[in-house]
Novice: 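Pasting a structure here, questions to come.
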Amino acid sequence: MTELLGHYNYWIVIILMMTGFYIVIARPNLVKKVIGLFIFQTSVFILFISMAKIEGGTAPIIEEGLSVYSNPLPHVLILTAIVVSLATTALGLALVVRIQEAYGTSNEDDIHVQDEED
Amino acid sequence: MEHLIDIVLLGLLMITGFAIVRMKSLLAVAMLTSIYSLLSASLFVVLDAVDVALTEAAIGAGISTILMLATVALTRDEEKAPRHTPLLPLAVVTVTGAALIYGTLDMPHYGDPAAPVHQHAASAYLHDTPGEIGVPNVVTSVLASYRGYDTLGEVTVIFTAGAGVLALLGYRTRRRNIQGPGIRKLVVLRVIAKLFFPLILLFALYVLFHGDYGPGGGFQAGVIFATGFILYALAFGLGNAQRVIHHPLLRIMAAVGVLIYAAVGIEGILLGGKFLEYGVLADDPVTGQHLGIMLIELGVGITVAAVMLIIYYGFVSRQD
Amino acid sequence: MLLSNLPALQVVIPLVSAPVCLLLRNPRHAWACALIISWLVLAMALLLLQQVYTLGTISYAIGAWATPWGIEYRIDMAGALMILIIATVGAVTMPYAWRNIQHELHRKHTGVYYTCYLLCLTGLLGIVVTGDAFNLFVFLEISSLSSYVLISLGPSRRALTAAYQYLVMGTIGATFILIGIGLLYMMTGTLNMQDISQRLPEVADTRTIRVAFAFVTVGVSIKLALFPLHIWLPNAYTYAPSVVSAFMAATATKVGVYVLLRFFFTLFGLQFSFNAMHVGEILMLLAVAAILIASLVAIFQDNVKRMLAYSSVAQIGYIILGISLATTAGVSAGMLHLFNHAMIKGALFMAMGCIFLRLGSVEIHNMHGLARQMPWTMAAFVAGGLSLIGVPLTAGFISKWYLVNAALTDGYWPLAVLILVSSLLALIYIWRVVEAAYFHLPGADMHKVREAPASMLIPTWLLIGVNLYVGLDAGLITNIAQQGAASLLGQALQ
Amino acid sequence: MFIAVSAVLLVAIALGLVRAFRGPTLYDRVMAANMIGTLTVLMVAVLGFMAERPEFLDIALVYVLISFVSTIAVLRVYASRVSMQGSDRK
Amino acid sequence: MMQPLLDVLSWICLLGGAIFLLIGAIGVLRFPDFYTRLHAVSVCDTLGAGLVLVGLIFQGGLSLVTVKLLLIFYFMIFTGPTAVHALAQAALQSKLKPLVDDHEPR
């Protein structure tokens, strides 16, 4: 049982990652792709944070009575990665807004059609 | 016992993920993304990642949702079906997923103290922080001092996003307050906004300077500060909000934040230490650390708040 | 005090200058500030090269924290060579940028362009200098984000879709690298590259490390546009402003190759990556495919910038071919070609920028009889083309010579034949442009076309000059490349 | 004791999720998101007490603000879109 | 003597709050029309949240924790109904007609 429980967390996170990755690859809508990227990155963060957890440990804020703390380093890495994912999402959506104004559509297949015309 | 909550939350996340894949309406997908990041934020709380939960909620449920909806408001709501059947993507995804699952077989069990992750660097951080830096919140001490250069890179990433959105969307100042037809009926919202606006800004400052002792820090404070102004812009119209914080000031604030951070680093060099060495800032190394961490949190807060507002103004001012 | 902190200042000076550029309202002041900073970065790069040349590998702990806890900058000869390439191309393209930006960018973008350019420069320098895996990911994101914005500033609307496609693929690549670094951290417990390489042998045969290796390799291959994952590159370089194409072609993919080298040799180690994981054979196969297929596709392109983009994919194939041999000779040949290709492609794209400024189009059918109107630009293009093909007395010949030499010493004689054959393919597509410009009768309104301005011609000829100088006296650069390869492999062989 | 309350909160969140998936109009989904936001606030507070870490309450406070402002933002952004499209359809 | 009384009081409040929240959640699912669901959410959530927070205040005793809980309570009391008000007004404004008689389900 502990074998399953030990890796259950990681398997679910991998399924979430693959969901986000699938949206990015399969869906032609540009906004949907950016949302897929956002979900893909958020699930990578959950992988990092579930790596940092110690059984019976608490948040890494030092207090007198407590001794076992979960690992602070992945938390720092993820604080950086969340900001990176926000920057990517903001730029992606800004590009989608400009593409929508330039092409009149935000669907990748329609854009290819317009590109072939001119 | 926390395993149960952890497993249920992961289950809910998975269901939300599948729903996002199947949903056709983009507005629904944007709302589900907001719920997705709210659930993942509460999962972080269960996993004892306090600062990350704060940031994930503020950025994921707050700013990202507003940006997604502002974009969907400009584009067609309905998503057209893909022309070719998604067999190749399905194949690529299953191969990548299988590789990852294959990779997890040798991973240390979830949460066991013997994992190499907890042995090496982490125990040193937990052990040295009270002595060398004297800040209870170890995450802030690692973020600001041990790996302070990562955070400088991070502030530069946020500054890049701000400059990028400025380049792509620019800004249109709204002179007249052209609002939707329901302008008269906004009274309730305006009263509440007027009541809450100062409270939110005060709370942002609390989070900024409380970062050493509890969850908080530059990023979270910057986002909460920007959320306060977004509430003001929602209630009193974008024109008034742009009069309160006009765009050139935002450009200056975004730049000044990064410069404050870098100046603290260069100050370390001028006082004879290495780059970003806070020990030399004051005569006693620990006070130097406190001073250094305080200054860079301030710089980070200013830049993040300014960039969030630049991005919000860029998106919402393009609507009409 | 300045000299001891040089590694940190090398990245911090452009990082600080980017917000300053944003504060300067007038685009001319922003350009002047960016110019000064670029030349300052070049001066510091030369100083750093000299320091590394004399003192060997420099290690600089940021924040004065000991290595595994704090972030450490580690610069060896390979890193110094990369800094030299980035700084040289940056300093040369800056004077070129003023006229080009005026012509190709929308008026309101000229101010923000320099901020994004300096951020891209900071990101690239930060990747090359750092000795910490996660810090490498952060600066990789800085350079990628700013290059998405730079590409999207292109004249035509297709620059937006090109930038979007690059953003999606680049972010997937960066997230794969993040997953790889995460798995590595999970098994070794540290993020410092030296520390990881020491702790790796105990856990090297676990499945997690193999998956981490695979993810990092795929992620970095997307960044350096290795053959099957290069789909974003042609559109990005074709529709970006010419000075951005020149700067990106000469530096962005090259830094990707450097990251690949750093991961293969410093982090995972030669034994693990080439013997246990057999990455050498896979890379060789992909490199051969890249060289052949990309050169063939380049022949049929009408847009010269797109042709040069496909030729970039082929040239990266040469570099990866050198690295896949995993011998000191092979890796140094690869790094030599890295330097030469950066100079050649930078010059060629700048020449196309001059043509676009005067002619308004880079299509071959519009360039009939252009040589008479723009003799200097076309002469630069021909010189660059010859160097691309590998004609003796040019830099291209030197690096192809060392590549063939490395392949033969390893007994891969078919590779040597392949390199010579593919040079012929390069001859064909360069000849198509030369033939159109020199041997066709000029079109109707060709007489109105004037020569490109001096501010754009001099930088182009500067790079061509470096090319020819390396062609004649290759001593210095080959020495640096060999030392770089030795320091990379040296670490692996310990 | 707290376990029972957090279990009930989780069930309520799950029900809210079902409404978020099924909800025919956007406003149903916004309502579901708002409800899940409130329930998350309470769950974080209860978890804070279960783990005897009162720091969690700062997070709960931020969640209240975030869920309120994002609900209002969704409505205002969507309202301007309806008025924009309203003018198109006329 | 006070402690067991406080514990009992807090458990009662917590359980009561939880039950109200559950009723609100069930109401959201079962009601046929948007406005009725909105009614269920607004009433039950605000009351349920209030009761749960009061229960926690009893647990917290006189300390900084109670101040924070009161702050959360204060925010919730104001933002909950306002959000629902804005929601209902936006729905009405976009001509979403309430279900008047129940023979044609939405």
Side-chain angles (χ1 to χ4, degrees), chain A residues 2 5-12 14-16 18-19 21-23 25-29 31-32 35 38-39 42 46 49-55 57-62 69-73 75-76 78-80 82-84 86-87 89-91 93-98 100 106-107 109, chain B residues 10 13-14 17 21 26 29 33 37 40 44 47-52 55-56 59 64 67 71-72 74-75 79-80 82-83 86 89 92-93 96-97 100-101 104 107 109-111 113 117-118 121-122 125-126 130 136-139 142-143 147 150 154 157-158 161 164-165 168-169 219 311 318:
Chain A
T2 60
L5 203 60
H7 290 285
Y8 172 85
N9 222 316
Y10 298 132
W11 290 339
I12 296 279
I14 287 166
I15 293 169
L16 289 174
M18 287 311 112
T19 319
F21 195 35
Y22 176 75
I23 296 174
I25 299 177
R27 289 292 182 253
N29 185 294
V31 177
K32 200 77 182 279
I35 290 175
F38 181 78
I39 289 182
T42 307
I46 300 175
I49 295 294
S50 55
M51 177 178 22
K53 173 87 168 76
I54 289 187
E55 202 59 50
T58 60
I61 297 165
I62 292 175
Y69 298 100
S70 54
N71 185 354
L73 193 54
H75 301 181
V76 174
I78 289 312
L79 278 172
T80 309
I82 287 180
V83 169
V84 164
L86 173 73
T89 311
L91 274 184
L93 292 174
L95 278 171
V96 169
V97 164
R98 284 287 303 277
Q100 170 73 23
S106 65
N107 189 313
D109 305 330
Chain B
L10 278 171
L13 275 171
M14 212 165 64
V21 173
L26 288 175
V29 167
T33 314
S37 60
S40 60
F44 289 151
L47 294 176
D48 295 334
V50 182
D51 283 83
V52 180
T55 315
E56 170 68 21
I59 286 184
S64 295
L67 296 187
T71 316
V72 170
L74 294 171
T75 62
E79 179 202 4
K80 278 165 71 179
R83 253 194 293 195
V92 168
V93 162
T96 325
L100 271 168
I101 300 263
T104 59
M107 275 186 194
H109 284 308
Y110 160 74
V117 162
H118 307 304
Y125 288 138
L126 289 167
N137 187 354
V138 179
V139 173
V142 173
L143 183 81
R147 293 183 67 88
D150 266 354
E154 211 176 299
V157 164
I158 272 285
V165 170
L168 284 168
L169 299 182
F219 289 102
I311 293 174
R318 281 193 100 80

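Below, read A as the first sequence line, B as the second, and so on, with proteins coming before strands; counting in each chain starts at 1.
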Novice: Contact part of Thr89(A) toward chain B, heavy-atom cut-off under 4.5 Å: side chain, backbone, both or neither?
Specialist: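 Thr89(A) touches chain B through side-chain heavy atoms alone.
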Novice: Side chain, backbone, both or neither: which part of Leu10(B) has a non-hydrogen atom closer than 4.5 Å to chain A?
Specialist: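 When you check distances to chain A, atoms from both the backbone and side chain of Leu10(B) fall under 4.5 Å.
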Novice: Does any backbone or side-chain atom of Leu91(A) lie under 4.5 Å from a heavy atom of chain B? Answer side chain, backbone, both or neither.
Specialist: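 Leu91(A) touches chain B through backbone and side-chain heavy atoms alike.
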Novice: Which bit of Asn107(A) is near chain B, if near means a heavy-atom gap under 4.5 Å: side chain, backbone, both or neither?
Specialist: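 Just the side chain, heavy atoms under 4.5 Å.
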Novice: For the interface with chain B, which of Gln100(A), Arg27(A), Met51(A), Lys53(A) has the highest count of heavy-atom pairs at distances below 4.5 Å?
Specialist: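 The residue among Gln100(A), Arg27(A), Met51(A), Lys53(A) with the greatest pair count is Lys53(A).
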Novice: Hey, which of Pro130(B), Gly97(B), Pro136(B) has the most heavy atom pairs under 4.5 Å with chain A?
Specialist: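 Max contact count across the listed options: Pro136(B).
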Novice: Does any heavy atom of chain B fall under 4.5 Å from the side chain of Leu93(A), the backbone, both, or neither of them?
Specialist: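 Contact with chain B involves both backbone and side-chain atoms of Leu93(A).
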Novice: Where does Ile46(A) contact chain B at under 4.5 Å (heavy atoms): side chain, backbone, both or neither?
Specialist: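 Both the backbone and the side chain of Ile46(A) come within 4.5 Å of chain B.
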Novice: Report the option among Leu143(B), Ile158(B), Val157(B) that has the most heavy-atom pairs separated by less than 4.5 Å from atoms of chain A.
Specialist: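 Result: the option with the highest number of such pairs is Leu143(B).
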Novice: On a heavy-atom basis, which atom in Ser106(A) and which in Thr75(B) lie closest, and how many Å separate them?
Specialist: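 So the two residues come closest at OG-CB, 4.0 Å.
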Novice: Identify, with sequence neighbours excluded, every residue that meets side-chain hydrogen bond (donor to acceptor under 3.5 Å, both in side chains) alongside Asn29(A).
Specialist: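 Here no residue qualifies.
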Novice: Do you know which two heavy atoms are closest between Arg98(A) and Leu168(B), and how far apart they sit?
Specialist: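 The pair with the smallest heavy-atom distance is NH1-O, 2.9 Å.
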Novice: Distance check, rounded to the nearest 0.5 Å: Ile82(A) atom CD1 versus Asp51(B) atom CG?
Specialist: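 One gets 10.0 Å once the value is rounded to the nearest 0.5 Å.
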Novice: Flag the one option from Ala26(A), Ala87(A), Ser70(A), Pro72(A) with the top tally of heavy-atom pairs under 4.5 Å to chain B.
Specialist: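 Of Ala26(A), Ala87(A), Ser70(A), Pro72(A), Pro72(A) has the most heavy-atom pairs under 4.5 Å with chain B.
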Novice: Do the side chains of Val76(A) and Asp150(B) get nearer than 4.5 Å, heavy atoms only?
Specialist: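 When only atoms from C-beta onward are counted, Val76(A) and Asp150(B) do not touch, as no gap falls below 4.5 Å.
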Novice: Atom CG in Leu26(B), atom CD1 in Ile35(A): separation rounded to 0.5 Å?
Specialist: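 Reported value, rounded in 0.5 Å steps: 6.5 Å.
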Novice: If we define contacts as heavy-atom pairs under 4.5 Å, which of Ala49(B), Ala161(B), Gly17(B) has the most with chain A?
Specialist: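 The option with the most such pairs is Ala49(B).
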Novice: So what's closer than 4.5 Å to chain B heavy atoms on Val84(A): side chain, backbone, both or neither?
Specialist: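 For Val84(A), backbone and side chain are both near chain B.
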Novice: Most heavy-atom pairs under 4.5 angstrom with chain B, which of Ile15(A), Ile39(A), Val31(A), Leu95(A)?
Specialist: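 Looking at each of Ile15(A), Ile39(A), Val31(A), Leu95(A) in turn, Ile39(A) comes out on top.
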Novice: Name the member of Val96(A), Leu73(A), Ile14(A) that forms the most heavy-atom pairs with chain B at distances under 4.5 Å.
Specialist: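 Among Val96(A), Leu73(A), Ile14(A), the one with the most close pairs to chain B is Ile14(A).
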Novice: Chain A: which of Leu13(B), Val21(B), Leu67(B) shares the most heavy-atom pairs with it under 4.5 Å?
Specialist: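 Of the options given, most contacts go to Val21(B).
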Novice: Between Thr42(A), Ile23(A), Asn71(A), who has the most heavy-atom pairs with chain B when the cutoff is under 4.5 Å?
Specialist: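 Heavy-atom pairs under 4.5 Å are most numerous for Asn71(A).
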Novice: Begin from the C-alpha positions of Phe21(A) and Thr96(B) and carry the test side chain to side chain contact (heavy atoms under 4.5 Å, CB included) through to its verdict.
Specialist: CA-CA 9 Å; Phe21(A) 195 35; Thr96(B) 325; 3.7 Å; yes
Novice: Under 4.5 Å from any heavy atom of chain A, what part of Ile311(B) do you find: side chain, backbone, both or neither?
Specialist: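 It is the side chain, since no backbone atom gets that close.
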Novice: Does the side chain of Leu79(A) reach to within under 4.5 Å of the side chain of Val139(B), using non-hydrogen atoms?
Specialist: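 When only atoms from C-beta onward are counted, Val139(B) and Leu79(A) do touch, with a gap below 4.5 Å.
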Novice: Using a cut-off of under 4.5 Å on heavy-atom pairs, state which of Thr33(B), Val165(B), Thr104(B) scores highest against chain A.
Specialist: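 Maximum pair count with chain A is reached by Thr104(B).
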Novice: Of the backbone (N, CA, C, O) and the side chain (C-beta and beyond), which part of Ile54(A) lies under 4.5 Å from a heavy atom of chain B, both, or neither?
Specialist: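 Both backbone and side chain.
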Novice: Just checking, any donor-acceptor pair under 3.5 angstrom between side chains of Glu154(B) and Thr80(A)?
Specialist: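 A donor-acceptor contact under 3.5 Å links the two side chains.
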Novice: Calculate, to the nearest 0.5 Å, the distance between atoms CG and NE2 belonging to Asn137(B) and His75(A) respectively.
Specialist: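 So the gap between those two atoms works out to 10.5 Å.
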